[in-house]
Amino acid sequence: QKEVEQDPGPLSVPEGAIVSLNCTYSNSAFQYFMWYRQYSRKGPELLMYTYSSGNKEDGRFTAQVDKSSKYISLFIRDSQPSDSATYLCAMTGMNTGFQKLVFGTGTRLLVSP
Amino acid sequence: AAGVIQSPRHLIKEKRETATLKCYPIPRHDTVYWYQQGPGQDPQFLISFYEKMQSDKGSIPDRFSAQQFSDYHSELNMSSLELGDSALYFCASSLKGATVYEQYFGPGTRLTVT
């Protein structure tokens, strides 16, 4: 079983929809949680990172972490066609020496005009 | 803003050949990470360096080696290439002591082994 599980999708939504992307993880030692966006044939781009449990908002994006449930989410409001990409959750913590990131498989998001 | 630079962007090699991938981190970043992303897979951590010293090691085959130089750029050397080595190889950099959990990725090197 992978340490980080993420539904690969694809997730198809119309423009303007609210998108919810999620990951679950098994190792309670993870403390930092990141969301990356990856366009086709490009490197992952850091969107947001969150420490421990709680919410963080940045423009149209909101990241939520529920450590008790080992569940993290990324919400995208007013989704745009330019948001179409693969979204990867990643995490790190004392178990990884705060070094390597452990990624989910990524969820492919398609926003149609 | 300057980003992580990787070269070459594309590389085609035959089985049993060697390859060298280069990574130039964001200026002032002192930590470099290498990841391998197979087709439809998530990035897998290979190895990382801080101040020219190996700081962590992941699932890197013995056929691969890497180092970080005094200007902080890093090279990943891959020998006896196998078909399964075909993947996207990403380099990421961060600044230790600052927001160290933010790793910034380069555009990747697409390696195809035939």
Side-chain angles (χ1 to χ4, degrees), chain A residues 1-10 21-27 29-52 56 58 63 65 72 85-108, chain B residues 1 3-7 9-10 21 23-26 29-51 53-60 87-112:
Chain A
Q1 185 184 5
K2 288 175 66 68
E3 280 189 283
V4 180
E5 298 281 356
Q6 187 176 7
D7 188 330
L21 304 165
N22 311 293
C23 288
T24 59
Y25 62 96
S26 56
N27 196 325
F30 287 130
Q31 294 176 272
Y32 288 82
F33 305 90
M34 278 69 71
W35 285 96
Y36 284 83
R37 178 174 61 195
Q38 186 175 23
Y39 292 110
S40 180
R41 298 179 179 272
K42 303 283 187 183
E45 170 195 2
L46 179 66
L47 282 176
M48 299 179 71
Y49 76 93
T50 312
Y51 172 69
S52 194
K56 188 173 184 179
D58 185 1
V65 175
I72 70 171
T86 296
Y87 290 79
L88 296 144
C89 64
M91 43 199 82
T92 188
M94 194 174 296
N95 56 320
T96 62
F98 299 106
Q99 287 282 320
K100 67 178 183 180
L101 298 179
V102 180
F103 283 88
T105 51
T107 299
R108 188 171 166 222
Chain B
V4 176
I5 297 172
Q6 290 187 249
S7 68
R9 294 293 310 277
H10 302 272
L21 279 54
C23 168
Y24 298 86
I26 292 172
H29 280 195
D30 49 19
T31 306
V32 167
Y33 312 79
W34 286 96
Y35 291 84
Q36 177 192 58
Q37 186 176 29
Q41 304 292 316
D42 53 302
Q44 293 289 316
F45 173 76
L46 291 178
I47 195 166
S48 62
F49 291 88
Y50 166 63
E51 285 289 348
M53 298 288 291
Q54 180 183 307
S55 54
D56 197 5
K57 193 172 181 180
S59 51
I60 184 170
L88 261 174
Y89 290 84
F90 290 109
C91 170
S93 74
S94 69
L95 181 62
K96 203 170 187 73
T99 50
V100 298
Y101 312 105
E102 296 182 53
Q103 293 186 19
Y104 294 88
F105 283 74
T109 294
R110 182 171 294 279
L111 172 66
T112 303

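Remember, it's a predicted structure, so these values are computed and weren't measured experimentally. Just so we're on the same page: letters track the sequence lines, and every chain starts at 1.
- Ring geometry for Phe45(B) against Tyr35(B) counts as perpendicular: the plane angle is over 60°, on a 0 to 90° scale with 30° as the lower cut.
- The aromatic rings of Phe103(A) and Phe105(B) sit perpendicular, their planes meeting at an angle over 60°, well past the 30° parallel limit.
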Please determine whether side-chain contact (heavy atoms from CB on, under 4.5 Å) holds for the pair Gln38(A) and Phe90(B), giving the CA-CA distance in whole Å, both sets of side-chain angles, and the decisive distance to 0.1 Å. CA-CA 12 Å; Gln38(A) 186 175 23; Phe90(B) 290 109; 3.3 Å; yes
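- Distance CE/Met91(A) to CE/Met34(A): 8.0 Å, rounded to 0.5 Å.
- Contact of Tyr50(B) with chain A is not made at all, since no heavy-atom distance falls under 4.5 Å.
- Residues Gly3(B) and Ile26(B) approach most closely at C-CG1, 3.7 Å, considering heavy atoms.
- Applying the side chain to side chain donor-acceptor pair (under 3.5 Å) rule to Trp34(B) yields the partners Ser74(B); only residues at least two apart in sequence or on another chain are considered.
- Contacts from residues 36-43 of chain B to chain A, taken as heavy-atom pairs separated by less than 4.5 Å, involve Gln37(B), Asp42(B), Pro43(B) in sequence order.
- Within the cation-pi definition used here (under 6.0 Å to the ring centroid, within 45° of the axis), Lys100(A) does not qualify as a partner of Tyr33(B).
- Among Glu45(A), Gln6(A), Lys2(A), the residue with the largest count of heavy-atom pairs under 4.5 Å with chain B is Lys2(A).
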